[in-house]
Amino acid sequence: MGRMIEVEDTGLSFSSDVDIDRMSLLAREWLELIGEDPTREGLLRTPERMAKAWAFLTKGYRENLEEIVGGAIFEAEGSEMVVIKGIEYYSMCEHHLLPFFGKVHVGYIPRKKILGLSKFGRITDMFARRLQVQERLAVQIAQSIWDILEPVGVGVVVEGQHLCMMMRGVEKQHSSTTSSAMLGNFREDAKTRDEFLSLVRSW
Ligand SMILES: Nc1nc2c(ncn2[C@@H]2O[C@H](COP(=O)(O)OP(=O)(O)OP(=O)(O)O)[C@@H](O)[C@H]2O)c(=O)[nH]1
Ligand SMILES: [Zn+2]
């Protein structure tokens with residue numbers, strides 16, 4: 001990974017692997033193509049802002065699981081279900097590059113290892129901050145937890161609202177989509193899956 005660059009006054013940083021200058025040039029051209037005047041005062045710094053915003057919105061490409069999880073895997077006795085609900089995410093649909101957003105709910109039954117609670121949010125963000133479809137987001141989160149913890153089972157439910165279906169296209173303002181990914185005994189055992197789903201519903 002390249003050098004990290006701090007973005008002034010925002011508390012954000014992004015990898016120097018992102019070519020902000022080139023992205024800004026393309027953004028300027030984009031403004032022209034939509035019929036705007038990139039030289040008018042309000043738009044003067046917009047290409048650069050847009051490039052930096054996109055660097056942030058796609059920062060998941062420059063992150064990896066090992067760095068995110070770090071040392072936050074702990075030994076644990078017992079095999080009770082752990083459920084982390086309502087992890088908010090913001091992502092970009094890969095078809096229109098418009099936002100979709102909502103909540104992720106994660107459940108797992110540990111075998112010997114448990115994960116630091118904040119890491120479920122960080123794993124969610126790593127995959128959400130890429131171009132996505134909601135179904136794949138659920139699968140990637142579930143598979144990562146499966147790979148790192150080798151649990152008895154893991155389940156992930158993702159709820160989402162897609163601006164590409166709200167602001168344009170079919171223009172359905174009130175539809176939401178739920179997708180899920182179940183592995184191990186969450187997939188094989190209906191009772192375990194139902195316990196997880198009822199815990200998710202009892203928000
Ligand atoms: N399965 C799935 N589909 C998605 C997701 N995000 C957007 N889409 C859909 O991707 C599809 C792309 O369909 P196309 O017909 O190729 O594109 P389009 O002409 O822009 O389609 P409309 O949105 O219906 O106007 C649309 O049905 C979108 O609703 C997602 O996360 N999962
Ligand atoms: Zn879309």
Side-chain angles (χ1 to χ4, degrees), residues 12 14 18-20 22-24 26-36 46-47 49-65 68 83-108 119-148 153-184 186-188 190 193-194 196-201 203:
L12 303 178
F14 54 86
V18 181
D19 191 340
I20 295 291
R22 188 145 171 244
M23 280 167 83
S24 302
L26 288 172
R28 191 178 192 283
E29 202 175 335
W30 188 260
L31 287 173
E32 279 169 3
L33 291 171
I34 62 169
E36 261 293 357
T46 295
R49 289 190 197 99
M50 190 172 151
K52 287 175 176 170
W54 270 93
F56 177 75
L57 297 174
T58 57
K59 72 189 176 79
Y61 289 122
R62 293 167 291 282
E63 295 175 338
N64 67 67
L65 207 51
I68 277 180
V83 176
I84 305 99
K85 288 195 290 193
I87 303 166
E88 72 265 29
Y89 72 88
Y90 294 88
S91 191
M92 291 289 184
C93 91
E94 68 182 20
H95 302 126
H96 303 96
L97 274 63
L98 285 172
F100 69 97
F101 55 92
K103 295 210 162 130
V104 170
H105 315 287
V106 177
Y108 74 105
K119 304 301 180 186
F120 295 95
R122 293 195 183 281
I123 293 171
T124 298
D125 283 347
M126 181 180 86
F127 290 115
R129 298 297 189 192
R130 300 176 182 187
L131 302 187
Q132 273 294 4
V133 293
Q134 192 180 315
E135 295 88 336
R136 188 168 68 230
L137 181 60
V139 170
Q140 287 178 330
I141 296 168
Q143 190 63 49
S144 302
I145 295 164
W146 182 259
D147 292 344
I148 344 172
V154 57
V156 172
V157 172
V158 179
E159 297 168 14
Q161 286 180 285
H162 293 242
L163 288 190
C164 67
M165 285 174 51
M166 298 165 80
M167 288 177 72
R168 59 157 295 288
V170 71
E171 295 186 72
K172 294 298 171 216
Q173 313 305 330
H174 304 290
S175 80
S176 68
T177 307
T178 304
S179 41
S180 67
M182 307 282 166
L183 296 171
F186 279 56
R187 173 181 278 276
E188 285 138 27
R193 188 169 56 243
D194 288 350
F196 169 56
L197 293 175
S198 75
L199 284 168
V200 165
R201 273 192 296 267
W203 179 236

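On a predicted model such as this, the values are computed, not experimentally measured, just so you know. In this chain, residues are counted from 1 in sequence order. Every number for a ligand or one of its atoms is a count from 1 in the order of the listing. Both backbone and side-chain heavy atoms feed into the values below; hydrogens, waters and symmetry mates do not.
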Novice: Would you indicate which of Glu171, His96, His162 comes nearest to atom 28 (C) of ligand 1 when only heavy atoms are counted?
Specialist: His96

Novice: Under 4.0 Å from any heavy atom of Cys93, which atoms of ligand 1 are there?
Specialist: 6 (N)

Novice: Taking both backbone and side chain into account, is any N, O or S atom of His96 nearer than 2.8 Å to the Zn ion (ligand 2)?
Specialist: yes

Novice: Between Ile141 and Phe120, does a side-chain contact (heavy atoms from CB on, under 4.5 Å) hold up when you go through it step by step?
Specialist: CA-CA 8 Å; Ile141 296 168; Phe120 295 95; over 6 Å; no

Novice: Test side-chain contact (heavy atoms from CB on, under 4.5 Å) on Met165 and Phe100 and set out the steps.
Specialist: CA-CA 9 Å; Met165 285 174 51; Phe100 69 97; over 6 Å; no

Novice: With atoms numbered from 1 as shown, which atoms in ligand 1 lie under 4.0 angstrom from a non-hydrogen atom of Gly169?
Specialist: 25 (O)

Novice: Can you tell me if Gln132 uses its side chain to pair, donor with acceptor, with the backbone of Phe127 under 3.5 Å?
Specialist: yes

Novice: Protein non-hydrogen atoms only, distance under 4.0 Å: does atom 24 (O) of ligand 1 have such a neighbour?
Specialist: no

Novice: Is Glu63 paired with Arg129 through a side-chain N to carboxylate O contact shorter than 4.0 Å?
Specialist: no

Novice: Within 2.8 Å of the Zn ion (ligand 2), is there any N, O or S atom belonging to Cys164?
Specialist: yes

Novice: For atom 20 (O) of ligand 1, is the nearest protein heavy atom closer than 4.0 Å?
Specialist: yes

Novice: Using distance alone, determine whether Glu135 and ligand 1 share an N or O pair under 3.5 Å.
Specialist: yes

Novice: Starting from the C-alpha separation in whole Å, work towards a yes-or-no answer on side-chain contact (heavy atoms from CB on, under 4.5 Å) for Gln140 and Ile123.
Specialist: CA-CA 9 Å; Gln140 287 178 330; Ile123 293 171; over 6 Å; no

Novice: Between Met92, His95, Gln132, flag the one that comes closest to atom 11 (C) of ligand 1 by a heavy atom.
Specialist: His95

Novice: Specify whether the nearest protein heavy atom to atom 8 (N) of ligand 1 is under 4.0 angstrom away.
Specialist: yes

Novice: Output the distance between atom CG (Leu197) and atom CE (Met182), rounded to the nearest 0.5 Å.
Specialist: 4.5 Å

Novice: Hey, is atom 14 (P) of ligand 1 under 4.0 Å from any protein heavy atom?
Specialist: no

Novice: Tell me the protein heavy atom at minimum distance from atom 31 (O) of ligand 1, and give that distance in Å.
Specialist: Gln134 N, 2.6 Å

Novice: Check Met166 against Gln173 and note the closest heavy-atom contact, atom names and distance.
Specialist: O-NE2, 2.8 Å

Novice: Would you check whether Arg168 reaches within less than 4.0 Å of ligand 1, judged by its heavy atoms?
Specialist: yes

Novice: Kindly determine whether Val157 and Phe196 satisfy side-chain contact (heavy atoms from CB on, under 4.5 Å), including the steps that lead there.
Specialist: CA-CA 10 Å; Val157 172; Phe196 169 56; 3.8 Å; yes

Novice: Which ligand 1 atoms does Cys164 reach within 4.0 Å, using its non-hydrogen atoms?
Specialist: 7 (C)

Novice: For Met165, counting its heavy atoms only, list the atoms of ligand 1 lying under 4.0 Å from any of them.
Specialist: 29 (O)

Novice: Can you name the closest pair of heavy atoms from Leu98 and Arg168 and give their distance?
Specialist: CD1-CD, 3.7 Å

Novice: Looking just at side-chain N and O atoms, do Gln134 and Ser179 make a donor-acceptor pair shorter than 3.5 Å?
Specialist: yes

